[in-house]
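The sequence lines fix the lettering, A, B, ..., with proteins before strands; numbering per chain opens at 1. Since we're looking at a predicted model, the values are computed, not measured.
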Amino acid sequence: MQITDKIIENHGLTKDEYKNIQKLLKRNPNLLELGIFSAMWNEHCSYKSSRIHLKKLPTKGKQVIQGPGENAGVIDIGDEDAIIFKIESHNHPSYIEPYQGAATGVGGILRDVFTMGARPIALLNSIHFGSPSHPKTKSLLNGVVSGIGGYGNCIGIPTVAGETKFNETYNENILVNAMAVGHAKKSKIFYSKAKGVNKAVVYVGSKTGRDGIHGASMASAEFDENSEEKKPTVQVGDPFTEKLLLEACLELMRDDSIIAIQDMGAAGLTSSSVEMASKGLLGIELNLEKVPCREENMTPYEMMLSESQERMLIILEDGKENHAREIFKKWDLDFVVIGKTTNTGNLTLRYNDNLEGEIPISLLSSSAPIYEREFSKKRVPTDKIKIKDLKKIKLEDALLKILSSPNHSNKSWITNQYDQMVMCDTAQRSGSDAAVIRIHGKDKAIAVTVDSSANYCKSHPYTGGKQIVSENWRNLISVGAKPLAITNCLNFGNPENKEIMGEFAECLDGIKKACEFLNFPVVSGNVSFYNGTNNKNIDPTPVIGGVGLIKKLVQPINHMFKGNNNIIILIGKTFGHLEQSCYLKENYSIISGKPPEVNLINEKNNGEAVLNLINLNLISSAHDISSGGLITALSEMSIGSNFGVKIKKPKKLTSSIEYFFGEDQSRYILEINEKNLIEVEKILQSKNIYYEKIGFTQDNNFEIEGEMKISINDLFKVNNQWYNNY
Amino acid sequence: MNSSVIVFPGSNCDRDIAVALEKMQFKNKMVWHKETKLPKSDLIVIPGGFSYGDYLRSGAIAGKSLIIDEVIKAAKSGCLILGICNGFQILTETGLLKGTLLRNRNLKFINKDVNIKVINNKTSFTSKYKLNQILKINIAHNEGNYFTDKDHLNKLKNENLIAFQYCDVNGNISDQSNPNGAVENIAGIYNSKKNILGMMPHPERMVDNLISNTDGINLFASIMN
Amino acid sequence: MKFAVTVTLKKDVLDPQGKVVQDTLANLGMKSLKNIRQGKFFEIEIEEKNQLKAEELINDMCKKLLVNLIIEDYKISKL
Amino acid sequence: MKFAVTVTLKKDVLDPQGKVVQDTLANLGMKSLKNIRQGKFFEIEIEEKNQLKAEELINDMCKKLLVNLIIEDYKISKL
Ligand SMILES: Nc1ncnc2c1ncn2[C@@H]1O[C@H](COP(=O)(O)OP(=O)(O)O)[C@@H](O)[C@H]1O
Ligand SMILES: [Mg+2]
């Protein structure tokens, strides 16, 4: 077949990239080979625009067993235990078919985690939708939420945390990021690096169909009016089969049959075989007529590029074939030896003994293009908001407006659709700052959470990047966990656009800075570019997924007030930073100015002090302050608990609006029983922590002296109506 | 006491129930669905989950598996059988319990803690509870909307075969305290001989204060008695 | 030979799905909608030349697995 | 007027349910079964005397709600 310009374009390759392929191969590729190049060289698999920036991220630490470069990151939580986790995007498929897109997103990230030997113990997600008034938003929300639940519930892994946001920047391009967390024994971690020649390459799992062909290139292209045409590539998830695959893999992993194992994710058989061979500096030969197919007459091209779900590739030790086959048979799954490792360094593809294609592996991996794309830096915005110039809104009205807004409303409409309790180790379900999952059969636990702050990142990417890592850190501290490491999903617009590339580079600088300072390394992640339609790009939305450790779980601490007449302490300084705040956005539709600055020294000191107090059992409840400021955080602590508050207005106050709604960073609210107060103050003073005693808890009413008083029942109602009315 | 937990492809609360049983001092065995013999058991549990993905109808395909014939035999000889969630669905598909579980009336999966009331405390499963005691138990299902015909419903009432009903914190049984649309707020039922209990709520999730509460413990303690 | 099997809930069985669909359609402004009930549909291909025998086989499948006779009715038709 | 709508998965789309049902029927001894695919079925009654208009309405319902056009095909027939 003649490779025309049109074919090259349809494969998402530029003319220069094609010329480079010809040069590297020293000949023209055939269509199968071109398809393979396009799959491996697209943005999604090759990280061609992001790679030089990702290198900057701190990935090391005493707690890190495996950083980026494998299917997922691995950290040490003491004893024999390791935690394996990663986050991944499934934005484009979810926009096209929300239920299946989200479901297969969950399925895909689970495979990344159990392919390394972990039993998944928690699922999280970060979902961003367009404005609620946009005609598509409601059905996207419904579809995505039931898709996430549908997959996780069926396979039986609790979905325990996440975030849900609405903003018109996602009108034409929603974000669906899924994170999976698993537990493994340190001595039983499996990697994807092939070793040894002539080893059996085994295909296990579901059969291959025509679904998802070109999915990886779809994830690397902007949407346009013709996106509808790409629909047939949508994959259907089969969580039941994944459950079987999970159990079969974990069963096989009990002994030492496996040399290397890799899930078939984006670009399916192509990327999994290339990745395993490339890491082992080996060749791989596949006999494609052996591939289990669902449809008749599938071509080698279709088999190599199919993104059918629930499949894995395994390289087996000699003599283990029958043993392994028995296990997969028990679980009713296909198990076929489809090839072997070689010493040629080539990807060799045969179909009924005909050579269909042959490409040196290194051309697909290490010779893949790397772009140092141009980028522009962003200045710190200087516009200031003067409260005095704005129409006055009563404090109470402003608070109710925030609490009833889609972004701040209670999310139980969503989380009630997720099984949060299956596996019986969920000690803190969704709703608090982080979820807490006990390690099965032990008395330690991990805390997990995901966060993003797109408007901060849009306004000033560097500060935004720093802020989001810090917020994640704070959330883990708030449930009494020592933050250990993060995974990140970097959702950005078109990297060929200088400003977008600038947002990317600078966000990463900010992330790097915070991670380094807080000893909170990045162990895995994913980049999703081209989030936008017709040159309208989304706001930069890096999503951070963090994991922390609770060494001994006595009683999980959360954000809900526990008693009457307890002292409320505010940790950290309040300056009243209103630019980019939720207050201005919800009440005045103003989004301007710079995001709040993060002082990493304060961040660290405050956080460590809070963690210390929690570990000493001196705290009844804790909550970090984020979007919506102090008053929003206080009301969140009341809603759902049986207690209100009585807060004194601070004396040196310039404006109560700034004090109560300012989004200054590094702050926490702690509830303390009177009997612990002396001890707590002693510790805070000894560590030079700035704090204020701002009031105490009381029955029934949420009260700011001289400003507002409302019953906690009313507060609850206001906070719980939006989803039910939408 | 000896218990057996039947494991189907797609069961996913099998480990949870095993942990609870062992905690309550049962000698427990896991039984794979392809097996044709049951170990000697005083209690057989069909656990929750999504056997066969809930494809076709929840519980339908598991209801056809090899081991089910053994379960039916055991049931006839008086062995205690407990079906939780998907296990309840499977029991109705095999005919061991009458009625069926339709989709939740809001067509959504529901996971939350709900209150249920102990309607009959004179059975092997509930003797340690007080009559009308209100429990807080977690539910997690797509199809928990119990339905049965009038005759059977009357029989359930007349012969005191309703095990639990959904209620509110104060014990009121009303439409508002009905999470899924089940007829008469039914959350669990017995067969006529009361040796088989099917229930949608998950008692095995409520045996540990660190995770939830201990309202499920007395179910297992009753059986142990 | 190819057959279609449609499975519907019996008249006196509550159909939560049908009801929600009906309400939603009404909300979408479909005023003339009187009633909608949802069921399942199977397309079955079997290797059997004799139509009578084939239908018997399909009937068997329905009774043994595809249909819950307590709450569902079914209809078989040749395609 | 009454209509039947059958909704089936497009040809190349994975049908996890159909597969499990097929395997189960095979295990139950139904050897001659070649293929089974599962879909949805709707029985719709509308108040509209004009058949053309009625069909248009039903078509509208399918597109707006009943069918996921991305992965499903549908067929309307008068009852
Ligand atoms: N933003 C990021 N930060 C750190 N590591 C990243 C990031 N993006 C990707 N990686 C790492 O690059 C590798 C390849 O990523 P990816 O292609 O998403 O994995 P997979 O092939 O398993 O889907 C992974 O090890 C991943 O953890
Ligand atoms: Mg992977």
Full working for side chain to side chain contact (heavy atoms under 4.5 Å, CB included) between Asp332(A) and Lys34(B) | CA-CA 12 Å; Asp332(A) 300 320; Lys34(B) 283 182 188 163; 3.4 Å; yes

Would Arg429(A) and Ser212(B) count as a side chain to side chain contact (heavy atoms under 4.5 Å, CB included) if you check the C-alpha gap in whole Å, the side-chain angles of each, and the deciding distance to 0.1 Å?
-> CA-CA 10 Å; Arg429(A) 307 178 211 176; Ser212(B) 48; 4.3 Å; yes

Would you sort out whether Val422(A) and Asp16(B) count as a side chain to side chain contact (heavy atoms under 4.5 Å, CB included), showing the intermediate values?
-> CA-CA 8 Å; Val422(A) 62; Asp16(B) 301 352; 4.1 Å; yes

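Atom CZ of Phe716(A) is surrounded by 12 or fewer heavy atoms from other residues, nucleotides or ligands within 6.0 Å. Counting non-hydrogen atoms of neighbouring residues, nucleotides and ligands closer than 6.0 angstrom, the NZ atom of Lys562(A) exceeds 12 such neighbours. The neighbour count for Lys442(A) NZ, taken as heavy atoms of other residues, nucleotides or ligands under 6.0 Å away, is above 12. More than 12 heavy atoms of other residues, nucleotides or ligands lie within 6.0 Å of NZ in Lys188(A), so this atom counts as buried by the packing criterion.
Minimum interatomic distance between Arg15(B) and Asp425(A) (heavy atoms only, all atoms of both residues): NH2-OD2, 3.4 Å. Here the closest heavy-atom approach between residue Tyr418(A) and residue Phe109(B) is recorded as C-CE2, 4.3 Å. Here the closest heavy-atom approach between residue Pro556(A) and residue Leu210(B) is recorded as CD-CD1, 3.8 Å. Scanning both residues, Cys154(A) and Gly53(B), for their nearest heavy atoms gives SG-CA, 4.0 Å. Across Lys108(B) and Trp413(A), no two heavy atoms sit closer than the pair CE-CZ2, 3.4 Å. The minimum heavy-atom distance linking Asn153(A) with Asn12(B) is given by the pair O-ND2, 3.3 Å.
Among Ser51(B), Cys13(B), Pro9(B), the residue with the largest count of heavy-atom pairs under 4.5 Å with chain A is Pro9(B). Chain B forms the most heavy-atom pairs under 4.5 Å with one residue out of Cys424(A), Gly156(A), Gly150(A), and that residue is Cys424(A). Top candidate by heavy-atom pairs under 4.5 Å with chain A, chosen from Gly48(B), Gly10(B), Gly49(B), Ala140(B), is Gly10(B).
When heavy atoms are compared at a cutoff of 4.5 Å, Asn142(A) approaches chain B solely by way of its side chain, counted from C-beta outward. Of the two parts of Asn86(B), neither the backbone nor the side chain holds a non-hydrogen atom closer than 4.5 Å to a non-hydrogen atom of chain A. Residue contact with chain B, scored on non-hydrogen atoms closer than 4.5 Å, is absent for Ile157(A). Thr426(A) touches chain B through its backbone: at least one of N, CA, C or O sits under 4.5 Å from a heavy atom, while the side chain does not. For Val207(B), no part lies near chain A; criterion is any non-hydrogen pair under 4.5 Å. The contact between Val554(A) and chain B is made entirely by backbone atoms, counting heavy-atom distances below 4.5 Å.
If you take CZ on Arg438(A) and CD1 on Ile211(B), they are separated by 3.5 Å, rounding to the nearest 0.5 Å. A distance of 4.0 Å separates CG of Asp419(A) from CZ of Arg205(B), quoted to the nearest 0.5 Å. Rounding to the nearest 0.5 Å gives a distance of 7.5 Å between CD of Gln417(A) and CG of Asn106(B). Between Asn138(B) atom CG and Gln420(A) atom CD the span is 8.5 Å, to the nearest 0.5 Å. To the nearest 0.5 Å, atoms CZ (Phe50(B)) and NZ (Lys243(A)) are separated by 11.5 Å.
Using the six-membered ring where Trp is involved, Phe240(A) and Tyr52(B) have ring planes that are tilted, between 30° and 60° apart.
Phe328(A) is linked by a ring pair (Phe, Tyr, Trp, His ring centres under 6.0 Å) to Phe335(A), counting only residues two or more places apart in sequence or in another chain. With sequence neighbours excluded, no residue satisfies side-chain hydrogen bond (donor to acceptor under 3.5 Å, both in side chains) with Asn142(B).
For residues 168-190 of chain B, a heavy-atom distance under 4.5 Å to chain A picks out no residue at all. Residues of residues 60-75 of chain B lying within less than 4.5 angstrom of chain A, judged on heavy atoms, are absent.
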